[in-house]
Amino acid sequence: MNSKPVLLVIAHGSRDPRHAATVHALVRRVRSLRPDVRVETGFLDFNVPSVQGVLESLAVQGVRDVVALPLLLTRAFHAKADIPAVLADAPPQLRIHQADVLGPSPLLLAALERRLYEAGLTPADKSSTGVVLASAGSTDPEAIAVIAEIAREWRHTGWCAVRPAFASAGSPAGFPRTEDAVRELRALGCSRVAVSPYVLAPGFLPDRIARGAAEADVLADVLGPAPEVARVVLERYEAARVPLPAAVSA
């Protein structure tokens with residue numbers, strides 16, 4: 001019997017069928033990297049199976065240990081409230097460890113660059129290309145700060161400039177939309193402007209990002225099942241399943 005905890009990937013869910021298809025493609029890649037780990041998928045809304053349904057099924061099957069991994073890029077409302085609330089209602093015989101969200105991670109920056117190169121850029125284009133780091137957006141100050149810091153870090157890898165942008169209308173006033181950031185990079189003098197969606201799967205907000213990229217030269221694909229994303233999933237799983245050493249008393 002496999003003694004490793006089951007990895008439960010928790011996705012938000014969407015009415016857009018591309019969302020679930022992309023989540024399942026990512027999970028298949030995770031399974032291919034770690035065939036010794038049982039990986040399940042649950043959705044918070046819109047799609048089946050639900051997180052609660054998966055947890056109940058695992059309990060009936062005799063599973064005892066689960067690592068619940070939020071398929072999220074930042075620690076915003078879903079990671080801080082929705083997911084803990086769902087896990088709190090899990091069958092009592094399950095021992096559940098909630099893993100960290102995926103971002104930030106150097107692997108995700110590598111995945112962003114992979115998507116830009118797949119869209120037609122080359123490493124030689126970096127110094128003349130401005131990049132819009134387009135995220136879904138949030139009202140959570142921690143999540144906003146993380147996106148801004150990622151943009152700063154990415155700029156130091158050789159791009160002409162990197163600007164964060166937010167697709168959600170609920171993001172705080174003063175934070176640029178994708179189209180505003182594209183125009184800002186043009187005005188800054190970047191020879192080329194690329195939009196890099198910092199989102200995991202297609203849907204309503206990624207479509208808004210794509211519309212905002214109409215004046216850009218390059219629009220990269222969403223992160224989706226990029227191999228780097230799958231590796232981050234497994235990093236978070238390993239960190240959550242291994243107990244931290246007890247603090248040593250002075």
Side-chain angles (χ1 to χ4, degrees), residues 71-76 79 100-203 205-232 235:
L71 201 60
L72 301 168
L73 294 172
T74 59
R75 270 182 45 79
D100 286 340
V101 297
L102 302 184
S105 166
L107 285 169
L108 294 179
L109 279 183
L112 289 169
E113 296 215 354
R114 170 191 291 274
R115 293 303 189 222
L116 284 171
Y117 298 151
E118 289 171 350
L121 294 179
T122 70
D125 296 323
K126 292 183 76 167
S127 63
S128 59
T129 302
V131 179
V132 177
L133 179 68
S135 73
S138 174
T139 57
D140 186 288
E142 180 184 352
I144 293 168
V146 166
I147 298 298
E149 180 59 26
I150 291 169
R152 282 192 292 269
E153 288 184 10
W154 204 13
R155 163 68 183 85
H156 294 313
T157 66
W159 296 100
C160 173
V162 180
R163 293 289 186 273
F166 301 88
S168 172
S171 294
F175 285 84
R177 300 172 302 167
T178 303
E179 52 267 42
D180 298 328
V182 169
R183 292 170 189 143
E184 180 185 347
L185 290 172
R186 288 264 189 240
L188 193 64
C190 297
S191 301
R192 189 183 298 101
V193 176
V195 173
S196 180
Y198 190 59
V199 292
L200 286 167
L205 291 177
D207 283 349
R208 181 179 286 175
I209 289 172
R211 291 193 297 272
E215 297 179 18
D217 301 293
V218 174
L219 171 62
D221 199 359
V222 298
L223 293 171
E228 295 87 353
V229 179
R231 286 168 58 196
V232 177
E235 281 187 358

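Just the heavy atoms: all of them, side chains too, but no hydrogens, waters or symmetry mates, feed the values below.
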How about L73 and L223: do any of their side-chain heavy atoms sit closer than 4.5 Å? yes

Least distance between heavy atoms, P164 atom then A148 atom: CG-CA, 4.5 Å

For residues V222 and L200, determine if any side-chain heavy atom of one lies less than 4.5 Å from a side-chain heavy atom of the other. no

Does any part of the side chain of L133, heavy atoms only, come nearer than 4.5 Å to the side chain of I150, both counted from C-beta? yes

Could you check if a side-chain atom of L109 sits within less than 4.5 angstrom of a side-chain atom of E113, using non-hydrogen atoms only? no

Any heavy-atom pair between the side chains of L205 and V199 that's under 4.5 Å? no

For the CG atom of L108 and the OH atom of Y198, what is their distance to the nearest 0.5 Å? 4.5 Å

Shortest non-hydrogen pair, A220 vs S196, comes out as CB-CA, 4.3 Å

For the side chain of R208 and the backbone of A167, is there at least one donor-acceptor N/O pair under 3.5 Å apart? yes

Could you grab the distance from atom CZ of R75 to atom CG of D140, nearest 0.5 Å is fine? 8.0 Å

Once you round to the nearest 0.5 Å, how far does CZ of R183 lie from CZ of R177? 7.0 Å

side-chain contact (heavy atoms from CB on, under 4.5 Å) partner of V132, the single match among L219, I209, L185, D180: L185

Quick one: does Y117's side chain get under 4.5 Å of P123's, heavy atoms only? yes

L112 versus P197, closest heavy-atom pair with distance: CD2-O, 3.8 Å

To the closest 0.5 Å, what do you measure between NZ (K126) and CZ (R192)? 13.0 Å

In plain terms, say whether D217 and R186 are close enough for a salt bridge, that is, a side-chain N and a carboxylate O under 4.0 Å apart. yes

Is there a side-chain contact between R114 and P227 (heavy atoms, below 4.5 Å)? yes

Taking side chain as C-beta onward, heavy atoms only, is L116 less than 4.5 Å from W159? yes

Are any of the side-chain nitrogens in E149 or R152 under 4.0 Å away from the carboxylate oxygens of its partner? yes

Separation between CD of E184 and SG of C190, rounded to the nearest 0.5 Å: 9.5 Å

For the atom pair CG (L71) and CG (L102), what is the distance rounded to the nearest 0.5 Å? 5.5 Å

For A216 and V195, which heavy atoms make the closest approach, and how far apart are they? CB-CG2, 3.8 Å

For A110 and E228, work out which heavy atoms get closest and say how close. CB-CG, 4.0 Å

On a heavy-atom basis, the closest approach of V232 and S105 is CG2-OG, 3.6 Å

